[in-house]
Chemist: 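First, the structure itself, so that you have it in front of you.
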Amino acid sequence: MVESFRILVTGGAGYLGSILVPELLAAGHRVTVIDNFMFRQNSLAAVCADPRFSVERGDARDEAALKRLLAGADVIIPLAALVGAPICDLDQHAAVSTNRDAIVSLLRLASPAQRILMPVTNSGYGIGEKQAYCTEETPLRPVSLYGRTKVEAERAVLERGNAISFRLATVFGMSPRMRLDLLVNDFVYRACTDHAVVLFEADNKRNFLHVRDVARVFLHGLATFDVMKDKVYNVGLSDANLSKRELCSKIQKYLPRFVFVEAAVGEDPDKRDYIVSNARIEAAGFRPAFSLDDGIAELIKGCAMLRNAVHGNV
């Protein structure tokens, strides 16, 4: 029988949380979410009927609220963050106070016995060496404020201990709190609506991961916590270390009208360029269940429902 936990999820109504929270409930856990609903989303509406679910409108930086909610938790999953380089650059104070300082406060308020499963980003690798896989031992060289805040938060969590850190690849796929500013989601949306995209730094590579596999890796971490704890794990598709050009070519197989061209001038403000090894998480018994092709096919269906004005972080 799978052990049942009382789980506090900060930012649980966001892109990741609105997939993860229903999965945690389905696995038999009790889940409390605190979220400020800054995007006016109702992404957890479908689980409000579950008596094991509770939700509070609030801010993950509010220490009084955190202290009260932590008193009833066995496990903490701190999803609350300003995610992505553009939104962090728009409000740098909020980025630092939410992505880093709120985590430091949470660690101070939590008891040593409370388990933490922390999502960070493999964007901390910044610009990797050509043809050299980034492992969990690779030096972190983030190239954005977003990357720096997440690297600093991860360091604090690991120093505290009794925690797992998941360095997530660039996430894609449909979610009740949809984001179209993520690379795969953005390119598929543009392919469906504009039938074209202009590429900057077309050869820059990164790794990718389906949002439902994010939920799956958290469930895996819960189930095998004692074996996995106090380590960092890259989490992504090992067959999807792709350049922007390669990603577009894959999308074009599904949408032949899609045209992509490389810009003669200009640059991408997000300079990330690396390939990632996911060997450690695979050795821990986890493998993604959803391929990039699965995500593209899913997103094409989803794009029939979406208009970009309300589906992004900026």
Chemist: Could you check whether Phe5 and His29 have their ring centres less than 6.0 Å apart?
Modeler: yes
Chemist: Quick check on the hydrophobic clustering: are Tyr15 and Phe290 connected, directly or via other members, by side-chain heavy-atom contacts under 4.5 Å?
Modeler: no
Chemist: Are the charged groups of Arg245 and Asp203 less than 4.0 angstrom apart, N to O?
Modeler: yes
Chemist: So, Ser277 and Thr135: side-chain donor and acceptor under 3.5 Å apart, yes or no?
Modeler: no
Chemist: Do Tyr274 and Phe208 sit in the same hydrophobic cluster, where Ile, Leu, Val, Met, Phe, Trp and Tyr count as joined when their side-chain heavy atoms come under 4.5 Å apart?
Modeler: no
Chemist: Salt bridge or not for Lys205 and Asp273, using N-O below 4.0 Å?
Modeler: no
Chemist: Distance under 6.0 Å and angle within 45° of the ring axis: does Arg177 meet both against Phe39?
Modeler: yes
Chemist: Among the clusters formed by ILVMFWY side chains lying less than 4.5 Å apart, do Tyr146 and Val120 turn up in the same one?
Modeler: no
Chemist: Quick one: do Arg216 and Glu23 make a salt bridge, cutoff under 4.0 Å?
Modeler: no
Chemist: Between Glu298 and Arg212, is there a salt bridge with N-O shorter than 4.0 Å?
Modeler: no
Chemist: Assess the residue pair Leu16 and Arg179 against the criterion (side chain to side chain contact (heavy atoms under 4.5 Å, CB included)); give the C-alpha distance rounded to whole Å, side-chain angles, the decisive distance to 0.1 Å, and a yes or no.
Modeler: CA-CA 10 Å; Leu16 301 183; Arg179 285 183 59 194; over 6 Å; no
Chemist: Looking at Glu137 and Arg280, is there a salt bridge between them, counting it only when a charged N and a carboxylate O are closer than 4.0 Å?
Modeler: yes
Chemist: May I ask you to decide whether Lys250 forms a salt bridge with Asp293, counting only side-chain N to carboxylate O separations under 4.0 Å?
Modeler: yes
